Amino acid sequence: MTYSDFRSDTVTKPTDKMRTAMAEAVVGDDVLGDDPTVQKLEVLAAEVMGKEAGLFCPSGTMGNSIAVKIWTNALEEVIVEERSHIYNMESTHMTFISGVTPRPVRSERGAMDPDEVRKNIRKPNVHTPRTSLICLENTHNNWGGAVVPLETFKAMRRVADENGLKVHLDGARIFNAGHASGVPVKEYARYADSVMFCLSKGLSAPVGSMLVSDKASIDYGRRLRKALGGGMRQVGVLAAPGIIALTEMPGRLKEDHKRAKRLAVATHELPGIKLDPADVQTNIIIFDFKHPRITIPEFLQKMKDKGVLALSLTGGIRMVTHKDINDEDVDRAIAAFRAILAPESS
Ligand code: TLP
C-alpha cells in the first residue's frame, strides 16, 4: 500500500531538480574550507536572514545545540517556552552539551509574556545560576504550528537588552511563519542574535539546517560543530539541494497551510476530536483525541490500515501537511477520519 504520510514535513523527498543538483554539485573538503557549494549556501542563508554569516549543520538539533553553546557558559540558565522543541524534544542537549539548565516559562500559544520572562530572569549567587539566553520558536511546533507574533519578538529583545541576555530563535519552520503572517523572515530574525532554520522540513531538502548569526559567533560555532562531530567533507552534495530548498521552495508553503486548514475544518466536529480549526495557522494540526471506545494507538492503527499515517505526540495526535501531501491525500485522510469516527460507525 502507498501511504499518505502526515507524520511530519521531515518526510518530504527531494525534488528531481534537487537530485540533479546533488549529482552535479561541485564539491571539496568542507572541513578544510574547500567546498564552494556549501559556502554558497552559507552566504545565501545569512543574506536571507539579514545576518553576517551562516553555518551548514546536519540537523536542527545540532544547530540549536551549537547556538546554546555559543551564548552560554556552564552554570548558567536559559529561558525556554514550556512546550518548546529545544526544551522537550532535543534529548536535553542544554544540560548534556552546554552544562546549563533550561527554565521553562508558560505562554499563550508560544508567545511568552515579557513580564513573566522578567520574573524568571535570575542573577547569580551561591545558589542560583545566571540567566544568559532566551530561546524563541516560530512557528511553534507543539502549539500546532502557531505563529508567534512579531510583537513578542520585539518585547523579548527589549527584555534581553535590559538584562544583558542573548536571544536565539529556533526557526525550524520560520518560512511557514513568514507566509502565514506576511512578516518577512528577516524581520523576525532582526530581533534574535542567532537563528536556526531547517532546510529538511517543508522546504524538502533531504538533510540539513542553517545556523546564522554574526561572523565571530559563526566562526566559534564552526569549531563547536567540529567538536560535536558535525564537520562534513564533500558535503556540497547536500548543500546543493539546500540551495534549491532555500531559493525555490518557500513560495509553495502556502499550499500546505491551505490543505491543513481544509483537513481541520472537515474533521474537527467528529466524535473524539478536540480541535479548533481557527488554531490551525500553518501546516501543523495537533488535536486532543478522547473517544469512548477508541484509544489513540487504536485510532492511529485504523488510520494506517486506511493508508493514512499520523503521529502521537505529547499526548495528542499530530498531522502535518507538506510537499508530498496533495489534495487527494487530504481527501483520503478526511474519508478515513469519517469512516473510523462518524457517528453511524462509532
Ligand atoms: N521536529 C521533528 C521532531 O523532532 C518532532 C518534527 O517532526 O517536527 N526545532 C523544531 C521546532 C522542530 O520541529 C525540530 C524537528 C527541530 C528543531 C529539530 O530538527 P532536526 O530533526 O533536524 O534535529
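Start at 1 and go down the list; that is how both ligands and their atoms are numbered. Everything numeric here is computed off the predicted structure, so don't read it as measured data.
Shortest contact from atom 22 (O) of ligand 1 to any protein heavy atom: Gly60 N, 2.8 Å. If you check which protein heavy atom lies closest to atom 3 (C) of ligand 1, you get His85 NE2, 3.6 Å. Counting only heavy atoms of the protein, atom 9 (N) of ligand 1 lies nearest to Asp170 OD2, 2.6 Å. For atom 7 (O) of ligand 1, the nearest non-hydrogen atom of the protein is Ser8 OG, 2.7 Å. In terms of protein heavy atoms, atom 19 (O) of ligand 1 is closest to Lys201 NZ, 3.0 Å.
Residue Asp9 has no N or O atom closer than 3.5 Å to an N or O atom of ligand 1. Ligand 1 has an N or O atom lying under 3.5 Å from an N or O atom of Asn141, backbone or side chain.
Near Met89, with a cut-off below 4.0 Å to any heavy atom, the atoms of ligand 1 are 5 (C). Residue-ligand proximity, Ser59 to ligand 1, at heavy-atom distances under 4.0 Å covers atoms 22 (O), 23 (O). Ligand-side atoms of ligand 1 in range of Thr61: 18 (C), 19 (O), 20 (P), 23 (O), range being under 4.0 angstrom from any heavy atom.
Each of Asn283, Val320, Thr12 was scored for a side-chain contact (heavy atoms from CB on, under 4.5 Å) with Asp256, with one residue passing: Asn283.
Ring orientation note: the planes of Tyr188 and Phe153 are tilted relative to one another, at an angle of 30° to 60°.
Using a 4.0 angstrom heavy-atom cutoff, Arg318 counts as in contact with ligand 1. At least one heavy atom of Arg173 sits less than 4.0 Å from an atom of ligand 1. In this structure, Met62 has no heavy atom closer than 4.0 Å to ligand 1.
Contact annotation: the side chain of Met156 approaches that of Thr152 to within less than 4.5 Å [non-hydrogen atoms, C-beta and beyond].
Lys215 pairs by the salt bridge (Lys or Arg N to Asp or Glu O under 4.0 Å) definition with Asp219, not counting sequence neighbours. Every salt bridge (Lys or Arg N to Asp or Glu O under 4.0 Å) that Glu116 has, sequence neighbours left out, goes to Arg106, Lys119.
Judged purely by distance below 3.5 Å, without hydrogens or angles, the side chains of Thr139 and Arg173 never pair a donor atom with an acceptor atom. For the 3.5 Å distance criterion, the side chains of His85 and Glu137 fail to qualify, holding no donor opposite an acceptor. Looking at His257 and Asn176, their side chains do bring a donor and an acceptor atom within 3.5 Å of each other. Side-chain contact annotation: Asn64 with His93, donor-acceptor N/O pair under 3.5 Å absent.
With distances taken over non-hydrogen atoms, the option nearest atom 11 (C) of ligand 1 out of Arg7, Glu90, Glu137 is Glu137.
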